Structure formats: C-alpha cells, structure tokens
Amino acid sequence: MCGIMAYLGNQKAAPIILEGLKRLEYRGYDSAGMVMIPDDSLVLFKKKGKVSQLEAAMKDHQPKATIGMGHTRWATHGVPDDINAHPHITHSGRLAIIHNGIVENYSELKTALLKEGYTFKSETDTEVFGNLVDYYMHRDETSLEIAMSKALKKIHGAYAFVMMDRQDPDRLIVAKRQSPIVIGIGDEEFFVASDATPIIQHTNKVIYLEDNEIAVIDRSQGLIIKNYDNRVLSKEVHQLDLKLEELEKGGYEHFMLKEIYNQPQSISDCMRGRVNSDESWIVLGGLKSSLDKILDCRRIVMIGCGTSWHSALIGEYLFEDLARISTEVEYASEFRYRNPVIDSNDVAIVISQSGETIDTLAAAELAKSRGAFVYGVVNVVGSSIARMTDSGSYIHAGPEIGVASTKAFTGQVTLLTLMALMLGRKKGNISQKTYKKLISELEKIPSYVSEVLELTEQIKYIASEIKDCPNALYLGRGYNFPVALEGALKLKEISYIHAEGYPAAEMKHGPIALIDENMPVIVIATNGSDYDKVVNNIQEVKSRKAKIIAIVNRGDHVVKGLADHVIEVPETLDPLTPLVSVIPLQLLSYYVAVMRNCNVDQPRNLAKSVTVE
Ligand code: AGP
C-alpha cells in the first residue's frame with residue numbers, strides 16, 4: 001500500500017509530483033523519493049520519513065525536468081530508510097523504477113541476477129525486478145518496454161510498476177497487476193497515480209489500468225495501452241466526479257475529525273435518491289438488477305477486512321433479522337486460502353472502502369471463480385473491487401483520507417441496512433407498517449448523529465480520564481457487539497492503547513480476569529431487547545472496580561447509577577443503533593489519540609489501503 005505518482009508533459013515535474021505524493025501519503029508514509037530526467041541523467045532524491053522531509057531535501061535543487069516519478073512507501077521488504085526508499089536505480093545506472101505491491105519470488109530472481117554479476121543497494125523486491133528488466137534490456141539489446149514485458153512474465157505477486165530509461169526522457173512505462181493504477185489525461189500531459197486523489201486538480205479524465213496491462217506513455221505518441229500479448233487495447237476514458245475541496249481538511253485539525261463530523265452528510269448522501277419514507281420505498285439500482293439472484297440464494301457470505309469486516313458483522317445481524325437470509329461473515333484473508341465451500345448457489349457481498357484491499361479483492365475473485373454472484377459494497381468509484389463485481393452499490397461517503405475508517409463504516413452500515421430492508425420487504429418478512437417505521441427512523445439518523453457530535457466536551461473529558469491506561473475493554477450485545485469491536489479497533493489503531501471488543505456475555509468466559517481499577521470498560525448499553533442483560537454485565541464489571549464508561553439512551557437512570565461516565569445518545573430502533581452508538585466511540589478514540597500526541601491521520605505502521613498481503 002504505497003503511493004505512486006508520475007508525470008510526463010510540458011510542466012516542471014518536481015512540484016507536481018511532490019504535491020501528488022502529499023495527497024497519496026495516507027497510503028504509506030515511512031519514506032519517500034523522486035527521480036527525474038532533466039537531460040540524459042537520472043536525478044534522484046529519496047529520504048526516510050514523510051514527504052515533507054523529501055521536499056525539504058529538494059528545496060534548493062528542483063531540476064527543470066518535465067518527466068519524473070515519485071513514491072511514498074509502506075515498507076514490505078527492507079526497513080524504512082533512505083536506501084530502501086523508492087525510486088530505485090538499476091545496476092547499469094540507466095533505469096529507474098517505483099513499485100506498489102510485492103514480488104513474491106524476488107529472492108530466487110535476486111540469486112540468479114547476482115550470478116550474472118548484478119549488484120544491489122537495497123533489500124527491496126522492487127530493485128530485483130528493476131535489475132531483471134535491466135538484464136533483459138542489455139542481454140537482448142532491446143527497449144525498456146520489451147524488456148519489461150519479458151521480466152513481467154517471470155514474476156509472481158502484486159504490482160504497479162512505473163519505469164523510466166534515462167536514454168529515453170520522453171517515455172514512461174507502466175505495468176499493473178492487483179495494485180491500482182489510474183492514468184490522468186491532460187492537455188499534452190499525463191499523470192500516473194495509485195488513485196485519483198492527486199490527479200483531480202489537473203484533469204478529470206482518467207483511464208483505469210486493468211490487471212496484466214502495460215501503458216506506454218510517450219511525449220509524441222501519447223498513451224498506448226497493451227495487454228501482455230502486446231495487443232493494443234482501446235480503453236474507456238472515465239470522468240471523475242471527485243472535487244478538490246473534498247481532499248482538503250476544511251479547517252479541521254485532522255482528516256479523521258473532518259470525516260467524523262461529515263457523517264450526517266455522508267449518511268444522507270448514502271440514502272439520497274434511494275429512500276422515500278412518505279411513499280415507503282427503497283431503491284438500490286445494483287440490488288434491483290440482482291434481486292432474484294440474492295432472494296433465491298442458499299446463503300450470503302459477507303467478506304471484508306478490519307472495519308469493513310465489522311460492517312459485515314452488522315450486515316449479518318441485519319440480513320438474518322430483517323430479511324431472514326442465512327448469512328455468514330468471513331475475514332477476506334482467511335476466506336481466500338481455506339478452500340471454502342462456495343458455489344453458484346451462494347452470493348458473496350464484498351465490503352471495502354478503498355475497493356483495493358488485496359485480500360478482499362482476491363476473496364471476491366475466488367468466490368466469482370467458484371460461480372458465486374459477487375456484490376460489492378464499496379466507497380471509491382472505479383476501484384478494482386468495484387470493477388470486478390457482478391453488481392454492487394457505492395456508499396457515496398466521499399474520499400476518506402484518515403487511515404482510521406469512520407464515515408465509510410457508517411456508510412457501509414447504512415447501505416447494508418437499506419439492502420436488508422429492501423430484501424426483507426421483498427420476501428414478505430417485514431410488514432408494510434414496520435417497513436415504513438424503519439425507513440422513516442433511518443431518515444432521522446443523520447440528525448441523531450449531529451446531536452451526538454455536540455457531546456464533544458464531555459467526550460474530551462472522558463478521553464483525558466483514560467488516555468494513560470495501557471488497556472481497554474469494549475463490550476456490547478446484539479447489534480452493538482460489532483460496534484464494540486469497531487470501537488476497540490479505533491482506539492488501538494490511532495492511540496496505540498491495547499483494546500479488545502467482546503460480546504458482553506463473553507466477558508465471564510475469560511476477559512473478566514483482566515478487570516481491575518486500571519482497566520476502563522466501555523459498554524454500549526442502549527435500550528434494546530438485551531438491555532437488562534447488559535446491565536447485569538455492568539454490575540459484574542463494577543464489582544471488579546473497573547472504570548465504566550457507558551453509551552446509553554437519553555433518560556437512562558439505571559446505568560447512570562452504575563457507571564463512572566455515561567454518554568447519552570438519542571434512542572432509535574434496534575437495527576439502526578450501530579449508526580448512533582459508534583459515534584461517541586469514534587470521538588473518544590480521536591481525542592485519546594490527540595492527547596497522546598499520536599499521528600491521528602497516519603498512525604504508525606498503518607496505511608489507508610492494504611494493497612499488499
Ligand atoms: C479501519 O479503521 C482500518 N483502517 C482498516 O481496518 C480498514 O478498515 C481495512 O484495511 C479495510 O480497508 P477497506 O475497507 O478499504 O477494504
């Protein structure tokens with residue numbers, strides 16, 4: 001999950017690439033670099049650390065080159081340092097390469113190249129591929145494009161490569177398999193990037209490179225795209241509907257806070273044009289065209305990673321509760337390798353904010369190869385997962401830049417709720433009266449979320465109470481069990497406090513041994529069928545002297561008498577509770593991370609889109 005940015009055109013490449021890398025930094029930020037061809041030499045800058053450090057290193061010498069490429073790294077092979085940072089220059093000094101992905105068989109290739117007298121500066125798999133291209137180019141006295149095509153046939157793994165030849169400063173060669181590449185088409189200039197965010201300020205015309213395709217970008221001949229059999233392909237030019245201001249912080253201190261506060265809007269956007277409580281209808285275009293497929297299926301398998309897996313868990317509860325369709329949930333990384341039983345009787349619903357998570361993409365491809373109907377619930381339009389599914393629905397949450405997913409989670413849950421309601425109604429499991437009640441309550445959720453967002457000061461105070469605790473336990477039941485998992489994930493991934501989420505009743509089967517006065521326990525105790533049982537669990541925790549923080553509905557007096565802190569949220573119908581109960585947990589983790597001086601938008605070791613295994 002690195003960020004790639006390349007430019008060929010009539011402007012100075014350096015500032016364009018630097019700006020692009022900053023917009024891609026959420027994909028990886030342990031080191032950054034750039035290489036340009038101002039004449040017939042390769043001018044290279046690369047630094048451990050963030051793009052700003054690369055920018056500082058280049059301050060007084062930005063060559064006038066109009067061709068170049070840059071990279072911001074999330075380390076896979078080789079520690080983050082100046083040497084392992086991309087770009088890499090090949091053994092002959094002639095070629096430059098940047099890469100997002102993993103070359104699985106790099107070790108054996110490196111051994112063979114060492115025997116050919118090749119030398120290596122870094123520990124990276126990227127340099128190995130670059131030298132393999134270099135080897136073919138010199139052995140066969142051929143062009144970079146041909147040499148690259150030969151080398152691509154020798155490697156296994158996921159990649160987005162961009163290469164340049166210092167003897168040919170008018171050409172970029174791009175190759176793609178599994179890792180994303182978007183090519184922006186400007187006025188006699190081209191932009192190559194890992195996604196559209198650094199392109200939109202230059203052009204809204206893009207082409208998405210597909211797997212096993214090579215793009216040759218030439219100053220005079222323009223853009224030519226071929227498959228690995230060297231056949232020229234004609235590709236659709238897409239019009240981006242991304243807006244530049246969506247990529248700015250808009251006055252917030254962090255993207256994450258902006259995205260938390262954007263949720264009333266993003267939840268509304270997810271429902272826009274899809275819901276009408278007055279006339280009691282829900283229409284999802286992607287679902288409508290595949291309704292019979294889903295209604296007649298044997299079961300649904302919901303697949304995702306991280307927060308998207310939590311959304312899938314809520315989806316399971318929704319689909320079984322409201323649509324009475326047998327539903328299972330799978331971690332994509334497990335599903336893809338465990339030889340699962342899945343076939344044409346099944347439907348796979350793959351959930352992904354980025355639409356680029358390699359495990360989720362591979363799981364979707366496996367399900368499809370076994371005959372299952374694959375439905376995507378995705379945020380990024382035109383992403384790899386969105387493009388490979390049989391059908392799907394976008395959540396329309398807008399760009400989510402903060403590594404910790406917030407508005408994408410509530411967008412995913414909103415969409416899964418719409419799907420469950422639509423399917424439940426079609427199956428006759430939901431009466432018209434209940435349908436209308438749930439729809440009209442769903443339309444109120446954005447205003448409920450706005451009300452919770454006003455509890456900032458109280459949540460800040462609670463954050464100050466737990467910010468130095470080494471551990472935390474999150475408990476919830478029913479629809480709130482996956483919310484407890486999500487709250488724990490938020491806390492651990494941005495504040496580095498170890499946190500676990502558990503079904504409240506499970507606590508007695510082990511975790512209760514952890515509880516003492518140093519363990520904050522965050523319990524979601526909103527009104528619902530299991531409320532009394534959750535109250536019992538709170539009493540069990542209290543008797544072990546834990547500090548109890550409870551999310552309750554307004555007017556709750558029972559839990560208020562037990563907990564150290566209660567955060568009161570508007571009451572809603574049980575199936576819709578996650579959309580409200582998660583908000584205070586997002587804010588709590590955000591303020592704890594800020595108070596711990598953590599890098600909220602770019603937490604250590606993480607990246608926004610996990611495009612490598
Ligand atoms: C969530 O806060 C994390 N950043 C991470 O778990 C994320 O949800 C996961 O990597 C899946 O990403 P996706 O939704 O883009 O597939």
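None of the values given here were measured: they were computed from a predicted structure. Excluded from the calculations below are hydrogen atoms, water molecules and symmetry mates; all remaining heavy atoms, backbone and side chain alike, are included. Numbering of ligands and ligand atoms starts at 1, following listing order.
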The atoms of ligand 1 lying under 4.0 Å from a heavy atom of E493, numbered in the order shown, are 1 (C), 2 (O), 3 (C), 4 (N)

Donor-acceptor side-chain pairing of K50 and S31 below 3.5 angstrom: no

Go through H202 and F191 one step at a time and tell me if the ring pair (Phe, Tyr, Trp, His ring centres under 6.0 Å) criterion holds. CA-CA 8 Å; H202 302 290; F191 308 83; 4.5 Å; yes

| message | Would T307 count as a polar contact of ligand 1, with the cut-off being nitrogen or oxygen pairs under 3.5 Å? | response | yes

Between the CD1 atom in I260 and the CZ atom in F255, the distance rounded to the nearest 0.5 Å is 14.0 Å

The closest protein heavy-atom partner of atom 13 (P) of ligand 1 is T357 OG1, 3.3 Å

Under 4.0 Å between heavy atoms, the region of K490 that gets near ligand 1 turns out to be side chain

Query raised in the report: Given the rule in the salt bridge (charged side-chain N to carboxylate O under 4.0 Å, His left out) test, do K176 and E210 qualify, once you have shown the distances and angles that lead to the verdict?
Result: CA-CA 7 Å; K176 184 248 192 246; E210 302 288 353; 5.6 Å; no

Judging by distance only, is a nitrogen or oxygen of L489 under 3.5 angstrom from one on ligand 1? no

Checklist line | Check: S405 N/O within less than 3.5 Å of ligand 1 N/O | finding: yes

Within 4.0 Å of some non-hydrogen atom of S354, the atoms of ligand 1 are 13 (P), 15 (O), 16 (O)

Honestly, is R596 close enough over Y496, meaning NZ or CZ under 6.0 Å from the six-membered ring centre and within 45° of the axis?
-> no

Of all protein heavy atoms, the one nearest atom 6 (O) of ligand 1 is G306 CA, 3.2 Å

Q. Can you tell me if Q239 uses its side chain to pair, donor with acceptor, with the backbone of K205 under 3.5 Å?
A. no

Within a strict 4.5 Å, meaning less than it, do heavy atoms of the P446 and Q265 side chains meet? no

Numbered in order shown, the ligand 1 atoms found under 4.0 Å of a heavy atom of A404 are 2 (O)

TODO: Return yes when C305 approaches ligand 1 closer than 4.0 angstrom through a heavy atom, no otherwise.
DONE: yes

Original post:
If we only count N/O pairs under 3.5 Å, is S308 in contact with ligand 1?
Top reply: yes

So T307 and E486, side-chain hydrogen bond (donor to acceptor under 3.5 Å, both in side chains) or not? Walk me through it.
-> CA-CA 6 Å; T307 287; E486 174 60 11; 2.9 Å; yes

If you scan protein heavy atoms around atom 4 (N) of ligand 1, the nearest is V403 O, 2.7 Å

### Task
State if K608 counts as touching ligand 1 under the rule of any non-hydrogen atom under 4.0 Å.
no

shortest atom 10 (O) of ligand 1-to-protein heavy-atom contact is with V610 CG2, 3.8 Å

| said: Checking the side chain of E259 only, and the main-chain atoms of S405 only, is there a donor and an acceptor separated by less than 3.5 Å? | reply: no

